[in-house]
Amino acid sequence: MSRPMEKNIAVIGAGISGLAALKCSVEAGNRTTCFERSDNVGGLWGFTDYAEDGRASIYRSVFTNACKEMMCYPDFPIPDEYPNFMHNTLFLEYLRLYAEKFDLLRQIKFKTTVVSVKKSIDFTETGKWDVVTECDGKQKLTTFNAVLLCTGHHVYPNLPLQSFPGIDKFKGQYMHNRDYKEPARYTGKRVLIIGLGNSGADIAAELSRTAEKVWLSTRSGSWVMSRVWDNGYPWDMVYLTRYQSFLNRILPRALSDLLYENMMNKRFSHENYGLVPVNKSSRKEPVFNDDLAACITCGTVVVKPNVREFTESSAIFEDGSVVDNVDVVIFATGYSYAYPFLDDSIVKNNKDKVSLYKGVFPPKLEQPTLAVIGLVQSLGGIPPTADVQARWAVNVIQGICKLPSKETMVKELDEEENEKKNWFGRSETLSTDYVAYMDELSSFIGCKPNLLLLLLTDPKLAWQVFFGPCCPYQFRLKGPEKWDGARNAILKQWDRTIKATRFREVPSHTEYSYIIKLLFIPLLLAVFMAWLNL
Ligand code: FAD
Ligand code: NAP
């Protein structure tokens with residue numbers, strides 16, 4: 001495919017999304033500059049001892065909750081020697097390797113903050129943006145043909161103090177989990193954590209080892225999954241498959257809900273552990289935690305309902321129960337978005353909610369020259385999602401792909417908003433079905449795997465693509481930016497996963513099962529013969 005004239009594109013942020021955007025923009029032949037306010041790539045994954053203004057902040061013990069085969073960029077597998085789920089320091093290392101491999105570092109202007117992004121005076125005709133950056137106290141204005149916004153969405157804490165009467169009288173310490181870094185400060189303390197998302201569950205389990213007591217309050221419950229799923233494989237390699245997504249689409253909703261509930265309750269009953277979601281069929285993001293159930297059953301974490309009010313030293317819950325002498329309250333109540341350098345009306349609708357076509361394009365702009373990468377939250381890892389979004393966005397900016405009319409986009413967004421309220425429950429993040437979303441975007445840019453063709457030409461690969469994990473490599477099997485290593489990466493994904501956990505020679509599982517099967521066949525034959533004789 002011949003590429004149109006190169007554009008001058010600004011990428012804001014050099015986290016997972018910014019690196020994907022930069023790489024895809026350069027790959028498509030554009031002059032691209034990436035602005036990053038910190039001095040390194042990796043965004044959220046760069047741990048710091050204290051939360052920094054305008055940047056995401058994580059605690060020291062964060063591990064990825066998507067496994068290495070699902071959390072990599074589609075043309076750059078995570079090194080064999082990395083574990084399946086990675087500590088933040090290791091995942092940051094992978095992001096650096098990616099930046100080096102594709103020679104991205106020299107296009108990044110570090111310690112440079114974007115302070116304003118405004119439509120140029122001739123925007124209606126040209127779609128250009130005036131971008132003001134600040135470095136060493138000096139401001140500079142540059143005009144770009146397009147802007148890719150990659151500034152993350154776990155930066156600005158959602159601290160809903162207005163929902164907690166009496167918190168102003170509370171004499172202990174309270175804070176958002178953005179400021180939580182490690183457990184040492186909480187040794188011997190009585191800690192109440194509000195919010196059962198991944199942060200709340202992680203922090204509760206971590207503090208349970210050293211705090212005097214930990215209470216975890218949840219207003220609507222959550223499904224809690226283990227990273228270690230069937231036969232010890234990562235949950236996402238087993239669950240995030242095209243086959244599963246197909247079943248979700250064709251099965252009647254009631255049956256699909258029943259199967260989902262059954263799957264979630266396989267390890268322990270969420271009812272018995274007080275965790276069950278108020279809306280059981282809600283597909284809001286589950287919590288991934290291998291320790292929480294053990295903490296609950298060992299009594300080191302106690303699950304409570306929502307807090308009705310605080311007194312000077314106690315929390316009174318909605319069921320009337322009271323916890324006295326609380327030392328610390330940690331609000332693990334999630335995040336809200338903000339783009340302080342941009343006019344809000346560009347990304348928000350008239351209900352003041354971020355509203356983007358396919359989670360990427362503001363629908364009402366005169367020209368489609370601004371795209372948001374990495375905002376959509378799906379069950380899959382962010383790197384492949386950001387990669388496919390960025391490729392599509394660059395194609396639209398270059399005029400290779402066209403967006404529907406403004407009216408069509410707005411109508412679709414309104415319809416989606418209503419649907420998601422039922423399907424994904426109450427959540428501040430934009431959520432969507434991973435496989436369906438990836439397929440839709442990849443179909444726009446001609447890289448959606450063609451299953452029928454694969455079945456005829458490469459059945460072994462087709463089997464893995466349909467029944468195996470819907471891994472990132474699937475989206476670089478074909479199309480203009482295809483990666484030649486994709487087929488091999490798909491066929492070897494299970495081997496790499498096992499290699500990451502087995503460091504000792506063990507008798508092979510298949511040998512045993514083979515012997516069992518061999519013993520089983522005569523037994524079956526005998527039963528069959530006996531039945532014939534009757
Ligand atoms: P960020 O990582 O936040 O990067 C944004 C970058 O933009 C930063 O480097 C920032 O400095 C820069 N920036 C911001 N504003 C400006 C500006 N004005 N000018 C210049 N630069 C700017 N997702 C997963 O897929 N798997 C996981 O396991 C996972 N674990 C998570 C754990 C935690 C604790 C949290 C909070 C989130 C987790 N997420 C996970 C979601 C997470 O948001 C993504 O993994 C990912 O980090 C998002 O990348 P990003 O590039 O969009 O944003
Ligand atoms: P989150 O998923 O948004 O969860 C916030 C929690 O706070 C929810 O349980 C929510 O309850 C509750 N809440 C919000 N407002 C409330 C209110 N007014 N009153 C009572 N409860 C309230 O936030 P998060 O846990 O910080 O996670 C953010 C993102 O980071 C997620 O995508 C997550 O996967 C990721 N993360 C990953 C890891 C990891 O292990 N890799 C660790 C931490 C976070 P409702 O459910 O009722 O809305």
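Only heavy atoms go into these numbers, but all of them, side chains included; no hydrogens, no water, no symmetry mates. Order of appearance sets the numbers: ligands from 1, and atoms from 1 within every ligand. As the structure is a prediction and not an experimental result, all values here were calculated from the model.
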Test your reading of the structure: does [X] have an N or O sitting under 3.5 Å from an N or O of ligand 2?
X: I194; answer: no
X: F63; answer: yes
X: N177; answer: no
X: Y335; answer: no

Out of [options], who is nearest to [atom] when you count heavy atoms only?
atom: atom 18 (N) of ligand 1; options: T385, N40, V114, I58; answer: V114
atom: atom 2 (O) of ligand 1; options: V131, D53, T113, L44; answer: L44
atom: atom 39 (N) of ligand 1; options: Y339, W45, F63; answer: W45
atom: atom 15 (N) of ligand 1; options: T151, L375, I373, N65; answer: T151
atom: atom 3 (O) of ligand 1; options: G152, A386, A66, A21; answer: G152
atom: atom 24 (P) of ligand 2; options: G195, G197, S199; answer: S199
atom: atom 33 (C) of ligand 2; options: N158, N198, N88; answer: N198

Give the numbers and elements of all ligand 2 atoms closer than 4.0 Å to a heavy atom of [X].
X: R227; value: 40 (O)
X: F164; value: 19 (N), 20 (C)
X: G334; value: 3 (O), 5 (C), 23 (O)

Please could you name the atoms of ligand 1 that [X] approaches to less than 4.0 Å, counting only its heavy atoms?
X: G381; result: 25 (O)
X: I12; result: 17 (C), 19 (N), 20 (C)
X: I16; result: 45 (O), 46 (C), 47 (O), 49 (O), 51 (O)
X: T112; result: 20 (C)

> Would K304 count as a cation-pi partner of F317, with NZ or CZ less than 6.0 Å from the six-membered ring centre and within 45° of the ring normal?
Replying inline: yes
Return yes or no for this condition: an N or O of [X] is under 3.5 Å from an N or O of ligand 1.
X: S199; answer: no
X: Y335; answer: no
X: V62; answer: no
X: H154; answer: yes
X: Y59; answer: no

> Please walk me through it: do R308 and D319 pass salt bridge (Lys or Arg N to Asp or Glu O under 4.0 Å)?
Replying inline: CA-CA 9 Å; R308 193 171 65 207; D319 60 0; over 6 Å; no
> Where on R55 is there a heavy atom closer than 4.0 Å to ligand 1, on the side chain, on the backbone, on both, or on neither?
Replying inline: side chain
> Of all the heavy atoms in T218, does at least one lie under 4.0 Å from an atom in ligand 2?
Replying inline: no
